Structure formats: structure tokens, C-alpha cells
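One structure is given below, encoded as C-alpha cells.
As the structure is a computational prediction, the values presented were derived from the model and not from experiment. Chain identifiers are assigned alphabetically (A, B, ...) following the order of the sequence lines, protein sequences preceding nucleic acid strands; residue numbering begins at 1 within each chain.
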Amino acid sequence: EPEVTQTPSHQVTQMGQEVILRCVPISNHLYFYWYRQILGQKVEFLVSFYNNEISEKSEIFDDQFSVERPDGSNFTLKIRSTKLEDSAMYFCASSRAGGVDTQYFGPGTRLTVL
Amino acid sequence: SQQGEEDPQALSIQEGENATMNCSYKTSINNLQWYRQNSGRGLVHLILIRSNEREKHSGRLRVTLDTSKKSSSLLITASRAADTASYFCATYSGGSNYKLTFGKGTLLTVNP
């Protein structure tokens with residue numbers, strides 16, 4: 001069964017460094033998402049992406065964040081200058097048909113900012 | 001409270017018993033999805049129920065939706081130790097943002 005994959009599974013970085021989190025969505029899906037979950041808290045929406053542009057972004061998704069679909073298979077989240085409070089589990093998700101369809105989540109990347 | 005609030009926050013039962021978790025939400029929705037998360041792991045999709053549906057089944061899972069009360073329940077029958085996980089409801093309210101709004105989840109512990 002197709003699944004969303006994410007790399008790396010765990011990323012440790014120093015405050016102020018740039019990180020890129022990578023995702024390979026399910027191949028026939030057209031809608032892509034990033035969510036994050038700070039330890040012990042609820043899953044929070046960051047951004048949705050369709051047709052090579054951002055559909056919606058939350059207030060968390062400030063100028064330090066960017067997303068890109070560099071080719072036909074990868075979907076990336078870049079944090080330009082990490083802060084301590086960016087430490088969280090980051091989940092990529094994809095769906096065939098936007099919000100009316102099931103969103104399938106990847107296993108997550110645990111980001112630790114020191 | 002916020003969109004997608006589950007109760008109870010924690011539930012501990014014995015293997016073989018049924019587990020019921022509830023979710024309430026504030027705004028109208030297009031659909032509601034239930035997910036499971038094992039400790040520190042990814043989110044596994046369980047069921048999607050649309051606003052015009054009242055009940056859906058999948059194996060040992062039964063989900064109901066009452067849009068008049070803005071609430072949903074997830075019933076797991078004949079629970080197993082492997083069902084131990086956190087369970088989240090997530091709502092999609094419609095529109096072109098496509099985002100899911102998650103609740104805080106119910107931590108279910110099934111004791112062998």
C-alpha cells in the first residue's frame with residue numbers, strides 16, 4: 001500500500017541553523033500539507049499546498065518557513081533560522097482531493113533545536 | 001474549548017472491553033476524521049465520516065456523527081493491548097484551505 005515517507009526521522013540542529021525536512025507524498029496525490037506537534041500538545045496545521053502554490057498557511061508559518069515541490073515526487077519544508085521553540089515532530093501529509101478526502105500522514109521528522 | 005475536543009483525556013480498560021471516545025467541535029464541518037498515534041510515532045488514519053453520514057464501520061471500529069450536537073464518537077469493540085495509543089479527531093470545515101483541525105486526543109490504555 002502506498003505511503004507517505006519522510007526523511008530524516010530525527011534531525012538535531014543548532015539554533016539559528018537552516019533545516020530542510022523532506023517528504024515523498026503518495027504518488028497520485030495532488031494536495032500536500034505540513035503539520036507539527038510539539039511534545040505533549042495537539043497536532044497543528046502549518047501549510048497546505050496545491051498546484052505548485054500555497055493554499056493556506058497558519059500564523060505559525062511565518063517568513064522563516066517555506067515549502068517547495070522541487071520535482072515530481074518530493075515536497076520539502078525549510079526553516080531558515082531555527083529557534084528553540086521550533087523543536088517538534090513535523091508531519092507531512094497528502095491527499096487526492098483536498099480537504100474532502102482522507103489525508104495520509106508520514107511517520108514524522110523529530111526536530112530538536114539546541 | 002477549541003474545534004475538535006476529545007473526551008475523556010485518558011481511558012484505561014481491560015482487554016476484551018469496549019472503548020468509547022468522544023469528540024466535540026464548534027463550527028460546521030465537511031467531514032471528521034479519526035486518527036491513531038502510537039507513542040512518538042506517526043498518525044494512522046482510521047475513518048473519515050462526512051457531514052451527511054451518521055455512522056460508519058471499519059472492522060472493530062464504529063464511528064458516529066451527530067451534526068446537530070456537533071459531536072462524534074469512536075467505539076473500539078473487543079479491545080486488544082495493541083490498541084493502546086492516542087486517538088485524535090480532526091475536522092475539515094470546508095473551503096480551499098484544506099486544513100484539518102485536531103483535538104488534543106484521548107490516550108487509551110488497554111491492559112492485558
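- Using a 4.5 Å cut-off between heavy atoms, A/Q41 does not touch chain B at all.
- Top candidate by heavy-atom pairs under 4.5 Å with chain B, chosen from A/E44, A/Q37, A/K57, is A/Q37.
- Interface residue B/Y92: only side-chain heavy atoms are found under 4.5 Å from chain A.
- Side-chain atoms of B/Q33 and B/H45, non-hydrogen and from C-beta on, do get closer than 4.5 Å to each other.
- For B/L100, the parts sitting under 4.5 Å from any heavy atom of chain A are the backbone and the side chain alike.
- Using a 30° and 60° split on the angle between ring planes, B/Y35 and A/F105 fall in the perpendicular class, above 60°.
- Ranked by heavy-atom pairs under 4.5 Å with chain B, the list A/Q103, A/E56, A/M89 is led by A/Q103.
- Ring pair A/F91/A/Y35: centre-to-centre distance not below 6.0 Å.
- Residues satisfying the ring pair (Phe, Tyr, Trp, His ring centres under 6.0 Å) test with A/F65, not counting sequence neighbours, are A/F61.
- Checked by atom type and distance alone, the side chain of A/T82 pairs as donor or acceptor with a backbone atom of A/Q17 at under 3.5 Å.
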